[in-house]
Amino acid sequence: MSAPKFRPLTFGVTKVSLRDGTPGIHYMQAEQALGDYPERLTDRLAHWAKTKPEQTFMARRMKNSDGSLGDWRHLHYGQTWNTARSIAQGLIDLGLNAERPVAILSENSLEHALLALGCLIAGVPFAPVSPPYSLVSVDYDKLRHVLRTLTPGLVFAQDSRYAKAIAATVDHDVTLVIAEGTLPDRASVSFEKLCATPVTDAVDLAMAASGPDTIAKFLFTSGSTKMPKAVINTNRMWCANQQQMVQSMPTLGEKELVLVDWLPWNHTFGGNHNFGMVVYHGGTLYIDDGKPTPALMPETLRNLREIAPTVYFNVPTGFEAIANAMKTDDALRKNLLSRVRMFFYAGAALAQPVWDSLYASEEREIGERIAMTTGLGMTESGPFGLFVTNPNVRAGDLGVPTPGLELKLVDIDDKTEVRYRGPNITPGYWRNPKETAEAFDDEGFFRTGDAIKWIDETDQHLGLKFDGRIAEDFKLATGTFVSVGPLRAKIIAAGAPYIQDVVLTGLNLREVGAMVFPTLRVRELAGLPESTPLNEVLASSKVLAHFQQVLNSLAKTSTGSANRIARLCLLSEAPTIDKGEVTDKGSINQRSVLTHRADTVAALHNDSLHHILKPQA
């Protein structure tokens, strides 16, 4: 059988060096050196504003009077540069700095982008805050914690939807800026007025005074097990990481870069990786107001039928929805595949049936496959860290370190942790010296908590694959370790395409259990009306019979108590960001789910839960 044909794609790092340290420790880095990069991301913005002022930097659909989304509103590079400089002047006039930074309460928007760039020019750090902390939370505990950590001098709100959260958490001496509408009972400045601030020489002086070690922004961790921590992001981190990305993914700099992207800017994937990429390469970003949810995915598909990206980033749930749509949507298939050179997923495992479906649509439409790439990174690494070395990627593959990043592979019990050191690594957590000290080892490597294995122990140049989280693994009452990451991946693969994610149970108990978050496609199994509540769908005989078969097949391949699922239940309540059960990028947090659903865990193991499935011979 001949090898599959892929649309040409260059992989920038294919060779690594490996050296031994003390027993149980190894060091790994790319043979390729890291190239030069600018001191500030705004140096690139200034360059594009001068060389192609009329090109679109960013666009977003405007709202019609009925609330629907209409035509695209475009920001050009020249316009963006001039407006951001006016904003920078306004921030300088307010005397803002790292001790009194800017907090942004907004989803992705053109105003959000302009304010962020104005902050960068002025050398004033900004912090995009997760919108659910304001719009979903009922107690505002995380928002209150974020603002206490930051002590902002200015809080920006996209619109009046944030009024209730602001009233509950923002001190009256803080300047409020709003883009749309007003804030009841609070004085505020319109964003339009901020954008009209006359520019003085102070703007150029402020930009010149900023440098590689200037704090560009604070990005908060998901706060899944503790309250969110403010990760310091410097200019050096952001610029070095963008240069690392293009050396690992040369396609980014080869041709015009066009993104269609929904990934939230309060998260490092959307806010550093993709936003920064567009500025660094002078590309165009179309803000996608869709999302991989049943209510919002149609908007994403609409955008992809109209705007053809050159590279495309998403989480597995997004690619699953796209794969299903492309089977029958000719316009989507034709436009999306017309010039895309690379797909990239992160956040969770991509099920093999989704992969196969994408490949089938691609071969049908263009006669070749689009490489589905991935890697490993985190908020503290800027985020880009590892990237695959060839198009023949399998679930769990991570690849090799990007240029300039040194890995330290540390054996811990029966796992190997990967640690990072390089110019893209955070100096620490803002106003949190204890957590900062604990995050780094005695050689200055950042402790990621991610476990890895070799893709092929005989070929170091293929790199590494994911082996779960060090802290996720647990022991049964027998003292046997349960390796959570590989077992979760095995269950998801066995139950595809009806399992979105799994949380394993059994800490200090005799058996391993599984709490399954199903995909929406589980409704296909039930054969019930679309209006049927999900808990009734999951209790239907057809759905239970299917998952019984999955459990039985898993039992046949188990080799002992540590990898045998002895009991399983289906969860109708999706994991929530507000409780820290899932991050903004969609990845599950095992520990947080176990904490918040302790009653369900107990009921699963004491047989008091309805519809518990157990393996049958």
Side-chain angles (χ1 to χ4, degrees), residues 6-12 35-38 41-61 71-81 84 108 110 113-114 116-117 238-239 241-263 265 269-288 290 300-314 322 331-345 362 365-366 368-373 384 387 391:
F6 284 89
R7 180 168 282 178
L9 180 67
T10 303
F11 291 84
D36 294 335
Y37 51 88
L41 195 64
T42 45
D43 293 343
R44 303 301 295 156
L45 181 65
H47 170 75
W48 302 124
K50 182 178 180 180
T51 58
K52 48 182 180 182
E54 298 304 314
Q55 181 186 303
T56 297
F57 160 58
M58 200 169 288
R60 187 188 187 193
R61 290 191 186 275
D71 294 334
W72 294 97
R73 174 190 166 200
H74 292 254
L75 281 179
H76 302 108
Y77 271 97
Q79 174 191 5
T80 298
W81 175 247
N108 301 355
L110 300 182
L114 288 168
L117 294 171
W238 205 351
C239 293
N241 206 222
Q242 289 298 324
Q243 181 60 30
Q244 289 171 320
M245 285 163 54
V246 73
Q247 288 184 232
S248 291
M249 302 183 288
T251 190
L252 300 180
E254 289 173 349
K255 296 180 181 178
E256 174 191 10
L257 179 70
V258 177
L259 301 189
V260 179
D261 195 50
W262 67 269
L263 289 156
W265 294 343
F269 191 2
N272 274 14
H273 192 283
N274 294 357
F275 186 107
M277 177 191 303
V278 172
V279 177
Y280 201 79
H281 296 287
T284 299
L285 171 61
Y286 288 86
I287 297 175
D288 175 15
T300 291
L301 299 179
R302 173 197 183 193
N303 292 333
L304 291 175
R305 290 186 200 102
E306 183 176 330
I307 308 298
T310 57
V311 294
Y312 187 70
F313 303 90
N314 213 323
I322 290 168
L332 171 67
R333 202 170 53 247
K334 181 177 181 180
N335 195 64
L336 174 58
L337 301 178
S338 62
R339 60 176 179 174
V340 68
R341 303 190 294 272
M342 181 186 81
F343 287 141
F344 183 108
Y345 80 93
E362 291 157 10
E365 183 68 31
I366 60 176
E368 58 189 1
R369 296 179 176 184
I370 305 299
M372 175 62 76
T373 61
F384 193 81
F387 187 67

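Positions are given from 1, in the same order as the sequence printed here. Atoms considered below: every heavy atom in the structure, side chains included; atoms not considered: hydrogens, waters and symmetry mates. The model shown is predicted, which means the values in this text are computed figures rather than measured ones.
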### Query
If you measure from CZ on Phe344 to CE on Met249, what distance do you get to the nearest 0.5 Å?
6.0 Å

### Leu117 and Phe275: CA distance, side-chain angles, deciding distance, side chain to side chain contact (heavy atoms under 4.5 Å, CB included) verdict
CA-CA 11 Å; Leu117 294 171; Phe275 186 107; 4.1 Å; yes

### Message
Whether the Asn303 and Arg61 side chains hold a donor-acceptor pair (N or O, under 3.5 Å, no angle test) is what I'd like checked.
### Response
yes

#### Entry: Distance (rounded to the nearest 0.5 Å) between Thr56 OG1 and Gln79 CD
9.5 Å

### Task
Could you walk me through whether Asn335 and Leu304 pass the side chain to side chain contact (heavy atoms under 4.5 Å, CB included) test, one step at a time?
CA-CA 7 Å; Asn335 195 64; Leu304 291 175; 5.7 Å; no

### Task
For the pair Glu54 (side chain) and Gly78 (backbone), establish whether a donor and an acceptor sit closer than 3.5 Å, ignoring hydrogens and angles.
no

### Message
What I'd like to find out is whether the side chain of Phe387 reaches to under 4.5 Å of the side chain of Met245, using heavy atoms alone.
### Response
no

### Query
Hey, is the main chain of Val260 close enough, under 3.5 Å, to the side chain of Asp288 for a donor-acceptor pair?
no

### Query
Would you call the rings of Tyr312 and Phe343 parallel, tilted or perpendicular, where under 30° means parallel and over 60° means perpendicular?
perpendicular

### Message
Is the shortest side-chain heavy-atom distance between Leu263 and His273 below 4.5 Å?
### Response
no

### Spacing of OG1 belonging to Thr373 relative to CZ belonging to Arg341, to within rounding of 0.5 Å
12.0 Å

### Result of checking Asn314, Asn108, Asn274 against Trp262 for side-chain hydrogen bond (donor to acceptor under 3.5 Å, both in side chains)
Asn314

#### Entry: side chain to side chain contact (heavy atoms under 4.5 Å, CB included) between Ile287 and Met58, intermediate numbers included
CA-CA 7 Å; Ile287 297 175; Met58 200 169 288; 3.8 Å; yes

### Query
According to the interplanar angle, ranging from 0 to 90°, do the rings of Tyr286 and His74 count as parallel (below 30°), tilted (30 to 60°) or perpendicular (above 60°)?
perpendicular

### Query
Rounded to the nearest 0.5 Å, how far does OG1 of Thr80 lie from CG of Leu110?
8.5 Å

### Polar side-chain atom of Lys255 near backbone of Thr310 as donor-acceptor pair, under 3.5 Å
no

### Message
With heavy-atom distances below 4.5 Å as the criterion, would you say the side chains of Trp72 and Glu306 are in contact?
### Response
yes

### Message
Within this structure, what is the CD-CG distance for the pair Glu365 and Leu336, rounded to the nearest 0.5 Å?
### Response
10.0 Å

### Query
Would you say Gln244 and Ser248 make side-chain contact, with heavy atoms under 4.5 Å?
no

### Message
Any side-chain to backbone donor/acceptor pair from Glu362 onto Glu368? Under 3.5 Å, distance only.
### Response
no

### Least distance between heavy atoms, Met277 atom then Leu257 atom
CG-CD2, 3.5 Å

### Query
Quick one: which of Val278, Leu285, Thr284 gives a side-chain contact (heavy atoms from CB on, under 4.5 Å) with Phe57?
Val278

### Closest approach of Pro250 to Gly12 (non-hydrogen atoms, all atoms of both residues)
CD-N, 3.6 Å

#### Entry: Residues Gln242, Tyr37; criterion side chain to side chain contact (heavy atoms under 4.5 Å, CB included); working and verdict
CA-CA 8 Å; Gln242 289 298 324; Tyr37 51 88; over 6 Å; no

### Query
Does a side-chain heavy-atom distance below 4.5 Å link Trp48 with Gln55?
no

### Task
Output yes when a side-chain donor or acceptor of Arg44 lies under 3.5 Å from a complementary backbone atom of Pro38, and no otherwise.
no

### Query
So, do Leu41 and Cys239 sit near enough that their side-chain heavy atoms are less than 4.5 Å apart?
yes

### Task
For the residue pair Thr251 and Thr10, establish whether any side-chain heavy-atom pair is separated by less than 4.5 Å.
no

### Message
Rounded at 0.5 Å granularity, tell me how far CH2 in Trp81 sits from CG in Leu45.
### Response
6.0 Å

